[in-house]
Every structure is written in structure tokens, then in C-alpha cells.
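Below is one structure, written out as C-alpha cells; the observations come after it.
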Amino acid sequence: MRIQHNIAALNSYSRLGNNNSAISKNLEKLSSGYRINRAGDDAAGLAISEKMRAQITSLDTAKKNANDGISLTQSAEGALTEVHSMLNRMVELAGQSANGTYDNSVDRKQLQKEVSSLQSEIDRISDGTTFNGISLLDGSLSGSSTAGGLTGSSIVNFKGATGSAAGTDASTTPAAATTGKYTVKVDTAFTDGKDVTIGGVAIHFKDDGTGDVQTGTGHDDDQTKQAASMVTLLNNDSTFKNHWTATAAGDTITITNKDAGDTTAFASVAGTDAGNVTQTGADGKAAAGIDFFQKDTINIDGTEVKVDWSKLNDTERSALQKDWTASGSPTNADAKKAGEIIQKTINEAIDNHNAANGTNLNHIKAEGSVSGSAASFAFTSGLKDGNSKITFTGTSNTVLGQVASGNLTTNTQTQTLAPATSDVTGHFTMKLGEQTLDVNLSGITGSTDVASQVQSAIDSALSNYDSANNLSGTDAMSGKVNVKLNKDGALEFVNNTGKELGFEDKGDGEVAKNLGISTQGKSLGNGGLTLQIGDTADSFNKMTVQIDSMSSKSLGILGIDISTQAGASSAIDKIKKAINTVSSTRGDLGAIQNRLEHTINNLSVSSQNMTAAESRIRDVDMAQEMMEYTKNNILVSASQSMLAQANQLPKGILQLLQ
């Protein structure tokens, strides 16, 4: 018998600890509902479960994407419903005008007015139908202006128009603005038929009440009464009250600026009876230096934007109010900081203008720098193409009027070729249907030359194709592939060959890739809008929605004229072709909707089955776990009881001491 080491008690204690640990895990699983709460519970199961969760999330997201796609196509198809209705009405009008019972100069002219109006509405629907800011019917989802086209990825970088202005001395501390104040004293009462103009407001005095002020006994028959009535007339005038406020005290009218510093000139007293009053006073004067409460007008790419400088804080105002001329010795850091403040403020104004007017103006870039001891400020438009322009106008004491001298002179925008010219020179393959053509591209000299050089190389390849296949006339392929550089700096191909068009590199060459038109390029494809409708990035889990332009020009009805009988007859066929085009597009959109609905059903089933599989791995079987918990609970109680019994064993030694 031993008392130093109670092996039975140690064994019972060890078992109790194991049972307590087991029951703790049972409680954790029962309370969380998960069989795997940490990697230690089942490392392999956790890894599989997490991958399944990612796939389930992707499936659910794809289902949402498909629903969004249905909404988009429904928006487009709904708009085309009205286009169909208008085309049917145009057929009716054309058929009516084609009848010989109408007079050209009267009846058919009225019919043409409605046709023109319907054309305008079709164009408005084409330009204005959007989904989440994405234009649907203007042709931007077609990939090119002609079916069968192809658009590459961007290879040309555009730089908007630039302008620069020398810095001025903006260091003067603004002086307090003064208030304009005038007095007009009525020296002689006005009588019937008298007239006077005060501050640009004409006032007529009549005894019979037909004038602005009624004179005569019992009415405004003295200077004091007339002054009070004249004040009411002045303060009610829409032009006068924008700048001035009038008050009366006895026979004297006091006129003051509503805002200190308003330099609007006060119109002097005039009229045939101006001698009845005496005018004295002077206009107000604006503060010197920068007036941050005046707004500048910035013309950005042809759109005027008002810039509010009053939102600048004291630190920002101080950073702008410096002497930017050589005498002020500005630092490059100061000029750079000022440019950043100007850029931020103008771009905020652009954002506000876009939000309020539905425009899509790009942000400008403003940079301040020091050269030859004086600062200058350069401005660059963000427009990618078109008539890029940036100018500003404002009063002489506003921010740009003080910081930068004079209106900006717009320089021509520039564009640069992203790859080196040597990287886009050489041979590549053009696939035309089942045929493979060699394209020899040489002589690329810059961004302005790339489209014409690609066009020349393709024309040569097509000419060789025609010669090899003895094709001529309308059967010839020459001239049926047209190339241009679009506003995104990408090569855009219009394919009228009736054959599938594509480009690939030859061997180890990368000319087509560098031009952005190969399968290795960034965004080769037919344009359109790509929907992610699966749980992977594979091409079969993507779907492209393409919608051609539905404008009157694209539908072939822009030039129809039913003001003559011959024109009306010709218009009938054109309109019916347009109806067929719209019907075909609506049919395509309907097919896409049906496909997406089947996609959603499939995604729902896949997500459900994947969730069930993940549940079998991750979730706990409550009944089984409760059995384990009950067993372990009993074992804990038994372990505690046995530990108590084992602790009593050494007491037997006391019997040996008796």
C-alpha cells in the first residue's frame, strides 16, 4: 500500500480530463450546429467545404448576374416595342400618302410632318434607352457599325487638349467690400401725367388710377406718400430687387446694395419729370485680391461648368493666394500644391455638373510648375476624341483670374501608339471563313498612320485572295473589310464579306497580339456586353449580348420622304425592312431571355445540390452528437465518482497504525 502515488486516482483523473474534453467538443458542435468548427476537427473536410462554399457563392452570384441580364434585355426589348408601333404607324402613313387622292403640297406635307416626328422619337429612344447607365440601342453593344465586325483592344493612347497660363500676383489680401448707397429725395410732388425712372424702373403717376401711382386728393398727394408707394414699386421689380433694396423715410428714398461688393451700376434717375427728385450716392466696390465667393466658368470639351471656390478651407485659400510671378519667387512645391487644389475643385464641379445634367464629362488635369522663377499652370482635358477643348473665363478677382493670367489657349490633342512601331511591323494571319490569308504589315510610323497601314495591308491580302480564287465583281472580297481607329484607341473592323473574320499570329510572331486583334490580345471579340453566368472564368460560363443600333439611320429610314407619291411608295418597302430588323432584334433578345431563364434554373439546382453536399461535410448530425454527448456526460459522472473512491484508498493505511 502506498500514499505518495495514488495510481488509481491518477488514472481516474486522466479519464475525467479526457471525458471533459470530449463533452466540451460535444457542446461546441451542438451549440454551433457545425461538425467542423476548426481545422483540427477535420482538416481535409474543412478544405473541401471551403472550396464548396466558394463555388456556392459563385453560383448564387451568377444567378444574380443572369437575372440582371434578363432585366437588361427586357429594358431593350420593351423600348423596341414602341419602335415597332411607330414603324407600323409610318407604314400606315406611307400607304396613305401613296394613294393618288392626296395633294402633294398640302396633304402629303402634313403626313410627312408626322413621319419626321416619329423618326425623331425613334432616334431619341435609340440614344436614350439605358440600363444602369449603359446605352442599349445606340449601337455601342454591337461591336461595330456593321454586323460581322470585330473590335480589338486599345493600342493608342489619347491625350486631351492642353492649355497653359502664366501665374499672376495673387498675394494681395482682399480688402473689405463696400456697399453701394443712393438717396432719392422727392422735392416736388408728382401730379397727374408725370413720369420718372428710378434705378431702371419706370413709374407713372395718374389721377384716375390707371398709372403705377394714383395721385390726387385722398391718395398719394404729397412727397411722403409718393415716396412710400415708389419704394413698393422698386422692391417688387424683378431686376431691381436682385441687386438693390429700397426704404423710405419721409420724402427720402434710400437705396442700398443687397450684397457688399456688388458692383452693379445703379441706373441714374431719368425721365421727363426727373427734376422732381434729387439723387445722390455711389456704387459699391468689390474686394481686391482673390474673391473666393465668385464663380469661374470652365469650358471643358465644349461644355461650360461653373466652379465654386467658396468651399475651399483657409489652408487651401492661403495656398492659392501667393505671388506667382518671378518677383514672388514661388517654389515648385507651392505651384504643385496649388495645381492639386485647382484640379480637385474643378473636378468636383465636373462631378456635380454630370450628376445634375446627366452628362459624362471627363476629369481634367491641372499642374503647377515653376520655370524661370515664375509659376505657370497647365490644364489638360480628359476627352479621348473629338473637339477636345479647355478654356476658362471669370472676373479678374476670382481664383483663376488671379492665379493664372488670361484665358487658356487650347493646343491640339495628341495621340500616341502604345506598342513600339517595330512591334507592330511584320506578318500575321487573317482568317476569312475557312481560308487563311497572309497579311504583311510594314511602314507603321505612328498612331495617326496605324489604321491606314492596316487597311492597306488587308486590302493587299484580299486582292491576292481574289486573284488566287478567280473572284471579280460583286464576288470579290477586295474592299469589303474596312478599318478605323475608334474613340477608345482600338482598331475596329467592319466586315462585309459575309464570312467569319479573325486574326492570328504566325509562328512566334506577336504583331496581331500587339495590335490587340489576336486571340491573345486583351479584348478581342465582337463587342457587346459580356455576362458572367457561371462559377468559373471559362468562356462557356460567359454570355455576350449584342444589340445593333436602332436609330433611324441604322434602320434605313432616315431619308424617307412621303411628301410625294413616288417617295411614299418607295418608303413602304424601306419601313417594312426596318420592321423586320426590329423584329429580328426583338427575337434575339427574347431568345436570350429564355436562355437566361434556363441558366438560372440550372444554377439554382447546382447551388442547391452543392449546398447539400457541403452540409453533409460541415454540418453536425444533431441526433448522433446528442448520443455522444449523453455517453460522455455519463462517463464524466462515472469518472468523478471513481476519482472520489480512489481518493479514499490511502485511508486503509490507517488501519495498520491501530
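What you see is a predicted model, and the numbers here were worked out from it, not measured in a lab.
If you take CG on L491 and CD1 on I155, they are separated by 4.0 Å, rounding to the nearest 0.5 Å. For the atom pair CG (L531) and CD1 (I592), the distance works out to 8.0 Å, reported to the nearest 0.5 Å. Here the CD atom belonging to E304 is positioned 8.5 Å from the NE2 atom belonging to H353, to the nearest 0.5 angstrom. The distance from atom CD1 of I298 to atom CD1 of I346, rounded to the nearest 0.5 Å, is 4.5 Å.
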Item checked: Residue pair S135, D127: steps toward the side-chain contact (heavy atoms from CB on, under 4.5 Å) verdict -> CA-CA 7 Å; S135 296; D127 293 334; over 6 Å; no
Next item on the list: Apply side-chain hydrogen bond (donor to acceptor under 3.5 Å, both in side chains) to the pair N299 and T391, showing each step before the final yes or no.
Entry: CA-CA 5 Å; N299 189 309; T391 61; 4.6 Å; no
Next item on the list: Begin with the C-alpha distance, continue with both residues' side-chain angles, and end with the deciding distance and a verdict on side-chain contact (heavy atoms from CB on, under 4.5 Å) for L400 and F377.
Entry: CA-CA 10 Å; L400 292 180; F377 296 90; over 6 Å; no
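Remark: the K306 side chain and the T297 side chain contain an N/O donor-acceptor pair separated by less than 3.5 Å. Side-chain contact annotation: N65 with Q532, donor-acceptor N/O pair under 3.5 Å absent. For the 3.5 Å distance criterion, the side chains of N257 and T179 fail to qualify, holding no donor opposite an acceptor.
Using a 30° and 60° split on the angle between ring planes, W244 and F266 fall in the perpendicular class, above 60°.
The number of heavy-atom neighbours closer than 6.0 Å to CG of D314, taken from other residues, nucleotides and ligands shown, is 12 or below. The number of heavy-atom neighbours closer than 6.0 Å to NZ of K311, taken from other residues, nucleotides and ligands shown, is 12 or below. For K185, the NZ atom sits in a packed shell: over 12 heavy atoms of surrounding residues, nucleotides or ligands are nearer than 6.0 Å.
Checked against Y182 for a side chain to side chain donor-acceptor pair (under 3.5 Å), the options T256, T280, D283 give a single hit: D283.
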